[in-house]
K.L.:
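Have a look at this one.
Position 1 is the first residue of the sequence; numbering continues from there.
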Amino acid sequence: MQFKPEEISRVIRSQIKYYDNAIQQSETGTILMVGDGIARASGLTNCMAGELLEFEDGTFGMAQNLEENSVSIVLFSSDTNINEGQSVKRTGRVVSVPVGDAMIGRVVNALGQPVDGGGPIDTTEFRPIESNAPGICERQPVKEPLQTGIKAIDSMIPIGRGQRELIIGDRQTGKTTIAVDTILNQKGQDVICIYVAIGQKRSTVASLVEELQTRGAMDYTIVVTASASEVSPLQYIAPYTGCTIGEYFMHQGKHVLCIYDDLSKHAVAYRALSLLIRRPPGREAYPGDVFYLHSRLLERASKLDEEHGGGSLTALPIIETQAGDISAYIPTNVISITDGQIFLETELFHAGIMPAVNPGISVSRVGGNAQIKAMKKVSGSLKLLYSQYRELASFAQFGSDLDADTKARLAQGERIVEVLKQNQNAPVPVEKQVAIIYAVVNNYLSEIEPERIRAYEKDLFSFLDTDTEGAAAMQTIRETGNLDGDTEAKLADALKRFTADFIA
C-alpha cells in the first residue's frame with residue numbers, strides 16, 4: 001500500500017490545526033500532595049485566586065496560593081477520600097453563597113447551606129463572598145441611631161447605622177450578651193440581623209438560636225455558623241459569607257446588623273491555614289496580610305446614599321483579649337479599623353456591674369451624631385460625671401475626711417452606676433432610657449438608697465406607661481426623638497410626683 005506525500009501532509013495538518021487551542025485548555029489538574037486539610041495540585045494553569053475547585057469525591061476546595069508550577073487548595077471538608085494522583089477540576093467561579101429573603105430565620109453553614117433541619121433554602125441568586133467595599137461617593141455620613149437597648153451604650157457609646165463598633169474584652173465578660181441584646185432590641189425596628197458564630201461550640205450556638213426563637217427574634221435574624229469542630233477554611237470564610245448575605249439586603253435599601261463573634265478565632269483559623277500552605281509568618285506567627293483580612297471585611301459596612309438605595313450595614317465585630325491586653329496584635333489592628341470600641345472589664349464584671357462597660361477606654365467616634373436629640377441632651381454630662389466618680393472613688397478610699405461637694409459627687413456616681421446596670425436579655429426602649437438618665441443626672445435619685453434604685457427604675461417604667469403626663473412625654477420622645485421645653489416639663493413633673501410617692 002502506497003502513501004502519497006500530499007495525503008500524509010493533509011492528515012498531519014488536520015491533526016495540528018487546533019493544537020495551540022488544545023494546549024491552552026487546562027481545566028483539570030492532578031493532586032500532588034494532600035494532608036492537614038490542604039491539597040497541592042499541578043496543571044491548573046488558568047486557575048483564579050479564590051476559585052472553587054471540585055475533587056473526584058464531589059467535595060470542594062478554594063484556590064489560595066497560585067504558584068509557578070502548582071496551586072495550593074484549602075479544603076472545605078475532610079480529606080479522607082482525596083488522594084495523590086486524583087484529578088481536581090475548575091468550576092470557573094469564585095466561592096459564592098446563596099442570598100435572598102428565604103435566608104431569613106435560617107441557620108446556615110459558611111457555604112450558605114442550611115444546618116437547622118428546616119429543608120432546602122428556596123433561593124436562586126448567588127453572590128461571591130469577596131466583593132469591593134462601597135466607594136466614598138456611594139456613602140453618606142453615619143447619623144441614624146441603631147439602638148441597642150443597653151443604657152450604658154446608647155447613652156455614652158452610641159452606635160449608628162452603617163458604623164463599625166468593636167466589642168472587646170476578656171472571655172466571660174458579656175461580649176456575646178451585648179450582641180444578643182442588640183439583636184433582641186431590633187424587633188419591630190425593620191432591621192435584619194446576621195449573627196456569625198466563628199469557632200464556637202455547637203451547643204453554645206444551639207442555645208443562642210433557641211433564645212432567639214423563644215423571643216421571636218429569628219423572624220428577622222440569620223445565623224451563620226462555622227463551629228470549632230469544622231475545618232479552618234470554613235471558619236475563615238464564615239464572616240465574609242455573613243457580610244455577603246447582609247450586602248444583598250443593604251443594596252435593596254434595607255438596614256442590616258452584622259455581628260462577627262469573634263474575629264480573634266477568625267484570625268487564628270487564618271493563621272493555621274496560612275502556615276499550612278507555607279506562607280511566611282510575621283508577628284505572633286500571623287501572616288503579613290492579617291490586617292487586610294479584617295479591613296476588607298469591616299470596610300464593607302456602610303450607610304449608602306439615597307441614590308444607591310439608602311440601605312446600611314452595621315458591623316459589630318467581637319475581639320477576645322488575654323488579661324485585658326488591648327495592645328496585642330489583633331486587638332490593635334481591629335481597633336484601628338473600627339469607628340470606636342466598647343471595652344468590657346473583668347473587674348467590673350466581678351464587682352457585679354453588668355454590662356461591665358468601662359466608659360474611660362470605650363469610645364464611639366461617631367458620638368452624638370448617632371443619638372436622638374433627647375438622648376444627646378440628657379446624656380451630655382453623663383460620661384463626665386461617671387469618669388469623675390471613678391477617679392474620686394479611687395482616691396476616696398484612702399481618705400476619710402471628705403468635703404460636701406466630693407460626697408455629693410460620689411453619691412451621684414453611685415446612683416449612676418446603679419442606673420446603668422442591666423439584666424441580660426432585657427433591652428430598654430430609648431424613651432425610657434432618656435427618662436431614667438434624666439432622673440439620675442438631675443439628682444431626682446439623691447434621696448433614694450442605691451440598693452433600691454433597681455426597684456425604683458422598674459416601678460418608674462410602669463408609672464410612665466399609665467401616668468397621663470409621663471405617657472405623653474414618652475410618646476413625644478418615641479415619635480420625634482426630641483426633648484423640647486414642654487416635653488421636659490411633663491417628664492420633670494412626672495418624675496417629681498413618682499419620686500415623692502416612692503420615698504413615701
K.L.:
Under the side chain to side chain donor-acceptor pair (under 3.5 Å) test, which residues partner Arg164, sequence neighbours left out?
P.N.:
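Partners of Arg164 under the side chain to side chain donor-acceptor pair (under 3.5 Å) test: Glu299, Asp339.
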
K.L.:
For the residue pair His266 and His294, does the interplanar ring angle fall in the parallel (under 30°), tilted (30 to 60°) or perpendicular (over 60°) class?
P.N.:
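Tilted, since the angle between the ring planes falls between 30° and 60°.
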
K.L.:
Scan side-chain atoms only and decide if Gln172 and Thr346 contain a donor-acceptor pair under the 3.5 Å cut-off.
P.N.:
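There is no such pair between these side chains.
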
K.L.:
Any side-chain heavy atom of Ser131 within less than 4.5 Å of one from Glu247?
P.N.:
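Counting from C-beta outward, Ser131 and Glu247 do come under 4.5 Å.
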
K.L.:
Any ion pair linking Arg90 and Glu54 (charged N to carboxylate O, less than 4.0 Å)?
P.N.:
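Not counted as a salt bridge, because no side-chain N and carboxylate O are separated by less than 4.0 Å.
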
K.L.:
Where do Glu27 and Lys89 land on the salt bridge (Lys or Arg N to Asp or Glu O under 4.0 Å) test, with the steps shown first?
P.N.:
CA-CA 6 Å; Glu27 303 297 323; Lys89 66 179 181 184; over 6 Å; no

K.L.:
What I want to check is whether the side chains of Gln140 and Lys143 have a donor and an acceptor closer together than 3.5 Å.
P.N.:
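Note: Gln140 and Lys143 side chains meet the donor-acceptor criterion.
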
K.L.:
Does some side-chain heavy atom of Ile361 sit less than 4.5 Å from a side-chain heavy atom of Ile326?
P.N.:
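Yes, side chains in contact.
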
K.L.:
Taking Ser72 as the fixed residue, which of Gln64, Arg279, Arg40 is the one that meets the side chain to side chain donor-acceptor pair (under 3.5 Å) rule?
P.N.:
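So, applying the side chain to side chain donor-acceptor pair (under 3.5 Å) to Ser72 and each of Gln64, Arg279, Arg40, only Arg40 qualifies.
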
K.L.:
Under a 4.0 Å N-O cut-off, is there an ion pair linking Arg171 with Asp262?
P.N.:
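No salt bridge links Arg171 with Asp262.
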
K.L.:
Would you say the side-chain atoms of Arg106 pair up with the backbone N or O of Asp116, donor to acceptor, closer than 3.5 Å?
P.N.:
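Such a contact is absent between Arg106 side chain and Asp116 backbone.
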
K.L.:
Using the benzene-type ring in the case of Trp, are the ring centres of Phe60 and Phe76 under 6.0 Å apart?
P.N.:
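Ring centres of Phe76 and Phe60 not closer than 6.0 Å.
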
K.L.:
Tell me, do Leu75 and Thr59 make a side-chain contact under 4.5 Å, heavy atoms counted?
P.N.:
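Not touching, per the 4.5 Å side-chain cut-off.
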
K.L.:
Check this for me: Asp36, atom CG, are more than 12 non-hydrogen atoms of other residues, nucleotides or ligands nearer than 6.0 Å?
P.N.:
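Check fails, neighbour count at 12 or below.
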
K.L.:
For the residue pair Asp484 and Thr487, confirm or rule out a side-chain donor-acceptor distance under 3.5 Å.
P.N.:
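Yes, Thr487 and Asp484 have a side-chain donor paired with an acceptor closer than 3.5 Å.
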
